[in-house]
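What you see is a predicted model; the values in this text were computed from it and never measured. Order of the sequence lines sets the chain letters (A, B, ...), proteins ahead of strands, with each chain counted from 1.
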Amino acid sequence: MSRILITSALPYINGIKHLGNLVGSQLPSDVYARYMRARGHEVMYICATDEHGTPAEIAAAKAGKPVAEYCAEMWQTQKAIADGFGLSFDHFGRSSSRRNHRLTQHFAARLDAAGLIREVSEKMIYSNADGRFLPDRYVEGTCPNCGYDSARGDQCENCTKQLDPTDLIDPRSAISGSTDLEVRETKHLFLCQSVLAGQLEAWIDSKTDWPLLTTSIAKKWLRDGDGLQDRGITRDLDWGIPVQKGDAPWPGMEGKVFYVWFDAPIEYIAATAEWADATGQDDGAWERWWRTDKGAGDVRYVQFMGKDNVPFHTLSFPATIIGSGEPWKLVDYIKSFNYLNYQGGQFSTSKGRGVFQDQALEILPADYWRWWLMSNVPESSDSEFTWENFQAGVNKDLADVLGNFVSRVTKFCRSRFGEQVPEGGDWTEAERMVVAGLTTRLAAYQAALDAMEMRKAAAELRAIWVEGNEYLQAAAPWAAFKTDPGRAAAVVRFALNLIRFYAVLSAPFIPHAAAQMLQALGLDAADWPEDVEAALSALPAGHGFATPDVLFAKITDEQREAWAARFAGGR
RNA sequence: GGGCCUGUAGCUCAAUUGGUCAGAGCAGAGCGCUCAUAACGCUUUGGUUGGGGGUUCAAGUCCCUCCGGGCCUACCA
């Protein structure tokens with residue numbers, strides 16, 4: 001048994017996320033966590049909301065609520081949605097927690113003591129009407145290059161020229177539209193990542209088994225231009241973690257907070273501490289996951305994220321950890337994903353284009369989404385959601401191949417033998433062949449999941465389901481029943497055991513349906529099969545079951561068309 | 001502008017990292033079965049691997065070039 005620490009990238013707090021946010025971190029990490037638990041490993045699976053930063057403040061203002069209240073409510077909402085999708089976090093924390101405040105301030109103090117923090121004085125745009133400094137992208141104006149009138153302060157969307165907000169002609173606040181802007185001098189703390197660049201590069205180079213996507217992004221940042229740049233880790237905002245050296249004030253930094261990307265990854269650790277608090281345990285309980293001097297030496301730590309998160313997880317956060325000089329656990333493997341597009345374009349929160357997580361759960365059970373998203377997860381390149389593909393995949397895989405198998409076996413048994421596992425007959429060559437085939441398939445399935453190759457794992461699982469249909473067709477218990485009822489009984493007994501087998505193996509991907517299958521068989525739980533032959537003999541003759549309802553109703557053409565129209569845009 | 005990824009059957013993806021006639025699922029066609037959610041099984045059509053050039057005994061894989069798609073470029077997160 002090993003100990004596996006799993007973190008999913010933190011969803012940002014400013015509203016309900018669309019499916020793209022699920023597919024690249026939360027779902028694959030959940031499949032992995034469920035699988036590893038099923039294999040008997042000790043798992044700590046952590047996620048949290050990422051609550052700080054300008055967008056959170058703006059979203060709260062739009063909702064007409066104090067930001068703390070807004071975040072608390074949105075956390076509840078996101079938690080409920082995560083539960084709805086069956087995400088099995090050991091703890092779903094908040095980056096605004098007391099634990100994260102203390103830990104973030106602690107890390108800053110350690111970095112400062114190590115000489116890795118320097119003060120930088122910067123000129124920033126201040127909006128008098130908004131009463132706040134504006135990040136570059138929140139300053140709009142006319143592009144000096146092409147004349148586009150809605151260019152942003154970081155880059156002109158029209159001509160793609162990189163800009164400085166002070167370059168803009170007639171600059172205005174993107175928040176209020178106010179032109180009452182001024183340049184103000186402000187002091188910020190920078191993390192001296194450049195000092196650690198050599199260590200970081202050596203560390204990245206040692207990770208030869210990481211996805212290409214992960215290492216290529218990391219190396220790009222390490223080597224581009226003048227190499228890894230120092231990074232500002234503080235902001236002039238109200239909502240956030242106050243800049244302090246541990247418990248002590250930080251002279252000159254009064255009224256400032258840490259940058260959201262500094263405190264967000266630290267929340268992985270803090271959320272584990274929140275978990276210990278919530279379950280009434282002491283610090284040792286979470287430290288044994290995170291401190292290599294306190295028991296985390298044998299932990300394998302895996303992170304899941306979309307590609308946009310990779311620089312912060314390969315460089316900034318490791319710089320924080322390494323720079324602290326303390327024995328915190330560094331990530332062992334980073335599984336990164338590309339983007340999921342929607343019907344030929346991007347999912348768009350602002351345009352209401354695509355399916356949002358709450359809407360997804362309204363229209364279909366979680367397992368439909370889990371299955372399709374994971375069997376089409378963007379592992380090697382961006383992938384695309386279309387309603388046609390979604391309908392075809394779900395109907396064929398879940399309804400026809402798996403659901404119908406459960407249906408045909410249980411209904412046939414009920415009509416011929418009644419609702420208990422039938423007695424009589426013995427295994428023949430046919431059953432032994434299936435056991436041999438499934439043993440090979442199971443090994444491939446496990447290998448894919450061990451390697452976090454989600455598409456491959458899904459394909460193997462599907463192939464395992466198909467074996468059941470092939471077996472039934474060949475064994476034809478409906479024909480055997482007429483001449484040799486004992487043989488038919490043996491086939492049905494074997495097939496009912498296959499349902500149990502499928503429930504166990506499918507649970508990482510479709511936990512709700514798997515639970516229904518077990519429940520129909522009158523079981524609360526079932527162990528992962530270490531031996532296929534034994535697993536397929538687990539249900540004895542005489543064991544009662546209940547013929548389940550249709551496991552997966554098919555998506556009709558009418559539904560598909562209605563949804564395609566509803567989610568085309570304009571939420 | 002710079003960097004990275006990507007282009008394989010109508011669709012979605014594989015191909016042990018340079019090594020048998022480039023494979024699977026879906027869709028299409030034919031046959032079979034009748035237990036089942038008109039479900040299942042078997043067989044089968046379909047590819048000059050985006051175009052062109054090069055290296056090699058051997059290229060989907062490496063190099064050059066052109067064309068298309070995408071991402072990143074450090075204050076959105």
Side-chain angles (χ1 to χ4, degrees), chain A residues 9-14 50 52-56 58 122 124-125 133-139 152-155 160-162 164-165 174 188 193 212-213 215-217 219-221 223-225 228-232 235-236 259-261 264 306-312 315-316 338-339 341 344 346 375-376 378-384 386 388-389 391-393 395-416 453 455-456 458-459 462-463 466 468-481 488 491-492 495 549-554:
Chain A
L10 309 186
Y12 197 65
I13 195 72
N14 68 339
D50 177 12
H52 299 135
T54 309
I58 292 171
E122 294 183 301
M124 297 267 317
I125 304 287
F133 282 94
L134 298 177
D136 290 357
R137 75 164 326 201
Y138 284 103
V139 183
R152 296 194 319 218
D154 52 347
Q155 181 175 31
T160 73
K161 187 176 172 58
Q162 303 284 307
D164 195 84
H188 282 297
Q193 299 184 138
L212 182 63
L213 184 66
T215 50
S216 65
I217 292 174
K219 286 181 180 175
K220 151 77 171 157
W221 282 52
R223 292 171 188 169
D224 193 41
L228 188 62
Q229 298 298 295
D230 294 345
R231 193 174 176 97
R235 291 291 183 274
D236 289 294
Y259 177 42
V260 56
W261 261 117
K307 58 185 168 189
D308 51 334
N309 276 306
V310 168
F312 304 98
L315 303 169
S316 308
N338 287 284
Y339 289 149
N341 291 318
Q346 296 198 334
S375 53
N376 294 277
E379 273 174 326
S380 55
S381 63
D382 289 357
S383 68
E384 176 144 324
T386 67
E388 290 76 13
N389 285 343
Q391 178 193 30
N395 286 355
K396 195 68 198 173
D397 298 346
L398 295 183
D400 295 345
V401 176
L402 176 62
N404 183 56
F405 177 80
V406 173
S407 202
R408 66 194 296 206
V409 170
T410 51
K411 285 181 180 167
F412 179 77
C413 184
R414 181 175 62 181
S415 72
R416 302 299 197 278
E453 294 176 15
R455 272 180 186 261
K456 197 172 184 180
R462 194 196 125 98
V466 166
N469 284 310
E470 289 172 351
Y471 165 75
L472 273 192
Q473 181 67 28
W478 48 89
F481 187 77
V491 171
V492 169
D549 292 333
V550 166
L551 268 185
F552 301 99
K554 292 201 196 193

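Note on ring orientation: taking the six-membered ring where Trp is involved, the planes of A:Phe312 and A:Trp261 are parallel (angle under 30°, cut-offs 30° and 60°).
Within the 4.0 angstrom heavy-atom criterion, only backbone atoms of the sugar-phosphate kind lie near A:Val466; the bases stay farther away. Residue contacts shown for A:Leu551 include a base, since a base heavy atom lies under 4.0 Å away.
Taking side-chain N and O atoms only, A:Lys411 has no distance below 4.0 Å to OP1 or OP2 of B:rA39. For the OP1/OP2 pair of B:rC40 and a distance below 4.0 Å, the side-chain nitrogens and oxygens of A:Tyr471 include no atom meeting the criterion. A close approach under 4.0 Å does occur between a side-chain nitrogen or oxygen of A:Tyr339 and OP1 or OP2 of B:rC72. Between A:Arg455 and B:rC13 there is a side-chain polar atom (N or O) within less than 4.0 angstrom of OP1 or OP2. Between B:rA77 and A:Lys307, no contact under 4.0 Å exists linking OP1 or OP2 to a side-chain N or O. The shortest distance between the side-chain N/O atoms of A:Lys456 and the OP1/OP2 oxygens of B:rC13 is not below 4.0 Å. Between A:Arg416 and B:rC35 there is a side-chain N or O to OP1 or OP2 distance below 4.0 Å.
You'll find that the side chain of A:Pro55 is closest to B:rC76, out of B:rC76, B:rA39, B:rG25. Of the listed nucleotides (B:rC11, B:rU37, B:rG25), B:rG25 has the atom at the smallest distance from the side chain of A:Arg462. Comparing B:rC26, B:rC42, B:rA74 against the side chain of A:Glu470 picks out B:rC42 as the nearest. Among the nucleotides B:rC75, B:rA77, B:rA36, the one closest to any side-chain atom of A:Tyr12 is B:rA77.
Remark: the separation of the P atoms in B:rC4 and B:rC42 is 46 Å, to the nearest Å. Across the P atoms, B:rU12 and B:rU17 are found 28 Å apart, a figure rounded to whole Å. B:rU73 and B:rC11 are spaced 34 Å apart, taking the C1' atom of each and rounding to whole Å. For B:rG19 and B:rA58, the C1' atoms lie 7 Å apart once the distance is rounded to whole Å. Comparing B:rA24 with B:rU65, their C1' atoms are spaced 33 Å from each other, to the whole Å.
Stacking of A:Trp478 onto the six-membered ring of B:rC35 is present: less than 5.5 angstrom between centres, less than 30° between planes.
Residue A:Glu122 places a side-chain atom within donor-acceptor reach of the base of B:rC75, judged by atom type and a 3.5 Å distance cut-off alone. For A:Asn404 against B:rA39, no side-chain N or O and base N or O form a donor-acceptor pair under 3.5 Å.
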